[in-house]
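Since the structure comes first, as structure tokens, the remarks are kept for the end.
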Amino acid sequence: MDGGGPGAPPPRLRLASFNVNSVRQRAAHVRRFLERQRPDLLFLQETRCRAEEFPRLEFEALGYRVHAVGQPGGRNGVALLGRIPFEVVAEALPGEPEDGQARYLEVETEGGLRAGGVYLPNGNSGGAEGFAYKLRWMDRLIDLAEARLDAFLPFALLGDFNVCPTGEDLAPGALPPTDALVSPEVRARFRALLHLGLTDALRALHPHDRLYTYWDYGPAFEENRGLRIDHILLSPDLAERLSGCGVDIAPRVEPQPSDHAPVWCTLR
DNA sequence: ATGGCTTACCAAGTAAGA
């Protein structure tokens, strides 16, 4: 039923992504999410610890393999928790050898799936150079996605893209029009990813819903003044298999939450 | 249009997040 021999259908997969805003502060939220949803792959962003500081044991106890990519200083950080075997293909986005920021992790799973976890620069800090870094990072991501699609790999990108793709993807007035999350150059680069042939999974299944994945700390959540900045992008063959996709707000309702909520999808 | 939160730095006040 679930994989196996020649001609067998590929197994059903659940993929998810969660910006945790410190995995050491949010380990219990992640554990409850894993227990409830049992994703096959969960990409984390803003883990904010070195790899050796990652609280791997409590996830391994739930049957997950853990691979963390961190950096000194308590910034950034990405990781993968996987219930299926995987091999790490990349621990950084190619194209800028001096880039020491822990923002990308790519794996190949047992079933031949290529999946990349993304923590795209915010672009509002660091002045002009901070914004230029965001644009360069997106150009590098476009180059990488093009190469993966040219190779006809079943390919998925999941993570915090720090982009509201359209005006439908943020509450009215939630951001000033000059913000780096809604800038025309940033949105153009996000569209360039889609034009390569990637599908925005959440919008594919919920084209007109008011869906957010981030709400500022404070009254923003109860007022539903949010942003849709966490995304799952699927190559054409994976998009054909897309059977469900959503935002899980349960971890955002729990005490001491991350400011983001997880996004997930199911592939038949 | 921001920091009114939150976090990591590490012990007081920054910097970053979005």
Side-chain angles (χ1 to χ4, degrees), chain A residues 17-30 43-55 68-79 99-104 117-138 141 158-190 202 210-232 247 249 251-263:
Chain A
S17 171
F18 189 7
N19 178 321
V20 290
N21 187 16
S22 170
V23 70
R24 289 176 291 181
Q25 296 295 325
R26 229 67 66 193
H29 298 72
V30 174
F43 285 95
L44 302 179
Q45 303 87 37
E46 272 204 278
T47 53
R48 304 187 68 174
C49 64
R50 297 180 187 86
E52 62 269 26
E53 298 169 323
F54 195 95
V69 180
Q71 68 180 72
R75 299 268 163 78
N76 307 320
V78 292
D99 187 353
Q101 300 194 24
R103 295 184 175 275
Y104 188 74
V118 169
Y119 179 45
L120 222 144
N122 176 297
N124 281 309
S125 65
E129 167 51 27
F131 185 67
Y133 175 65
K134 179 177 193 172
L135 297 183
R136 289 201 307 277
W137 210 94
M138 296 191 82
L141 186 63
L158 304 87
D160 177 359
F161 285 70
N162 271 315
V163 182
C164 300
T166 75
E168 307 292 297
D169 299 310
L170 73 165
L175 292 175
T178 53
D179 194 281
L181 278 63
V182 296
S183 101
E185 300 101 308
V186 164
R187 282 180 165 169
R189 282 163 175 80
F190 188 85
L202 195 59
R210 178 165 156 170
L211 289 166
Y212 304 134
T213 66
Y214 164 92
W215 300 260
D216 202 355
Y217 288 118
F221 183 70
E222 60 187 42
E223 296 169 1
N224 199 18
R225 295 174 50 81
L227 314 173
R228 190 174 79 94
I229 54 178
D230 300 271
H231 305 298
I232 299 176
V247 182
I249 64 167
R252 189 64 180 77
V253 178
E254 292 172 9
Q256 286 89 49
S258 168
D259 38 7
H260 294 249
V263 293

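Naming: A, B, ... by sequence-line order, numbering from 1 per chain. Keep in mind the model is a prediction, meaning the values are calculated, not measured.
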For this session: Indicate, yes or no, whether a donor-acceptor pair under 3.5 Å links the base of dA18(B) to the side chain of N162(A).
Result: no
For this session: For dT6(B) and dC10(B), measure between their P atoms and round to the nearest Å.
Result: 23 Å
Problem set entry | Nucleotide dA16(B), atom P - distance to OH of Y133(A) in whole Å | 13 Å
Exercise. Looking at the side chain of Q25(A), which of dT7(B), dG3(B), dA18(B) is the nearest nucleotide?
Worked result: dT7(B)
For this session: Send over the distance from L120(A) CG to dA16(B) C1', rounded to a whole Å.
Result: 16 Å
Exercise. Between dA16(B), dA18(B), dA8(B), which one does the side chain of N124(A) approach most closely?
Worked result: dA18(B)
Exercise. Rounded to the nearest Å, what distance is computed from the CG atom of residue L181(A) to the C1' atom of nucleotide dA16(B)?
Worked result: 13 Å
For this session: Please determine if a side-chain N or O atom of Y214(A) lies less than 4.0 Å away from the OP1 or OP2 oxygen of dC5(B).
Result: no
For this session: Quick one: label L175(A) by what it contacts on the DNA or RNA (base, sugar-phosphate, nothing), any heavy atom closer than 4.0 Å.
Result: nothing
Exercise. How long is the line joining CD of Q256(A) and P of dT6(B), in whole Å?
Worked result: 8 Å
For this session: Verify whether one side chain among N21(A) and Y217(A) offers a donor that lies under 3.5 Å from an acceptor in the other.
Result: yes
Exercise. Atom OH in Y104(A), atom CG in L141(A): separation rounded to 0.5 Å?
Worked result: 6.5 Å
Exercise. Checking all strands, does F161(A) fall into the base, sugar-phosphate, or nothing category for heavy-atom contacts under 4.0 angstrom?
Worked result: nothing
Exercise. Whole-Å distance between dC9(B) C1' and E53(A) CD?
Worked result: 12 Å
Problem set entry | Nearest-0.5 Å distance, SG of residue C49(A) to CD of residue Q71(A) | 11.0 Å
Exercise. Under 3.5 Å, is there a donor-acceptor pair linking the side chains of D160(A) and Q45(A)?
Worked result: no
Exercise. Does the side chain of H260(A) get closer than 4.0 angstrom to OP1 or OP2 of dA18(B) through an N or O atom?
Worked result: yes
Problem set entry | Residue mapping more 5' on DNA chain B - nearest nucleotide basis, P72(A) or P219(A) | P219(A)
Exercise. Atom CZ of R75(A) and atom P of dA18(B): how far apart are they, to the nearest Å?
Worked result: 12 Å
Problem set entry | Phosphate contact (dT6(B) OP1 or OP2) by S258(A) side-chain N/O below 4.0 Å | no
Problem set entry | dA12(B) versus dA8(B) - spacing of their C1' atoms, nearest Å | 14 Å
Problem set entry | Rounded distance in Å between the C1' positions of dA11(B) and dA1(B) | 32 Å
Problem set entry | Side-chain N or O of R48(A) closer than 4.0 Å to phosphate OP1/OP2 of dA16(B) | no
For this session: For D230(A), report the nucleic acid contact type (base, sugar-phosphate, nothing); a contact means any heavy atom under 4.0 Å.
Result: nothing
Problem set entry | Nucleotide dA18(B), atom P - distance to CZ of F190(A) in whole Å | 15 Å
For this session: Rounded to the nearest angstrom, tell me the gap between atom CG in L170(A) and atom C1' in dA1(B).
Result: 13 Å
For this session: With C1' as the reference atom in both, quote the distance from dT7(B) to dG3(B) in angstrom, rounded to an integer.
Result: 14 Å
Exercise. When the C1' atoms of dG4(B) and dC9(B) are considered, how many whole Å apart are they?
Worked result: 23 Å
For this session: Give a yes/no answer on whether the side chain of N19(A) brings an N or O atom under 4.0 Å of OP1 or OP2 in dG17(B).
Result: no
Exercise. With nearest nucleotides of DNA chain B determined for R225(A) and P121(A) from heavy-atom distances, which residue corresponds to the more 5′ nucleotide?
Worked result: R225(A)
For this session: Please indicate whether E52(A) has more than 12 foreign heavy atoms, meaning atoms of other residues, nucleotides or ligands, lying under 6.0 Å from its CD.
Result: yes
Problem set entry | Closest listed nucleotide, where the reference is the side chain of R26(A) and the choices are dT7(B), dA18(B), dC5(B) | dT7(B)
Exercise. Got a salt bridge between R136(A) and E129(A), using NZ or NE/NH1/NH2 to carboxylate O under 4.0 Å?
Worked result: yes
For this session: Please state whether the phosphate of dG17(B), meaning OP1 or OP2, lies under 4.0 angstrom from any side-chain nitrogen or oxygen of S125(A).
Result: yes
Exercise. So, F190(A) versus H231(A), ring centres under 6.0 angstrom or not?
Worked result: yes
For this session: With the side chain of P176(A) defined as its heavy atoms from C-beta on, choose the nearest nucleotide among dA18(B), dA1(B), dT7(B).
Result: dA1(B)
For this session: Have a look at D216(A) and say if it touches a base, only the backbone sugar-phosphate, or nothing, with a 4.0 Å heavy-atom cut-off.
Result: base
Exercise. Does N21(A) place a side-chain N or O at less than 4.0 Å from the phosphate oxygens OP1/OP2 of dT7(B)?
Worked result: no
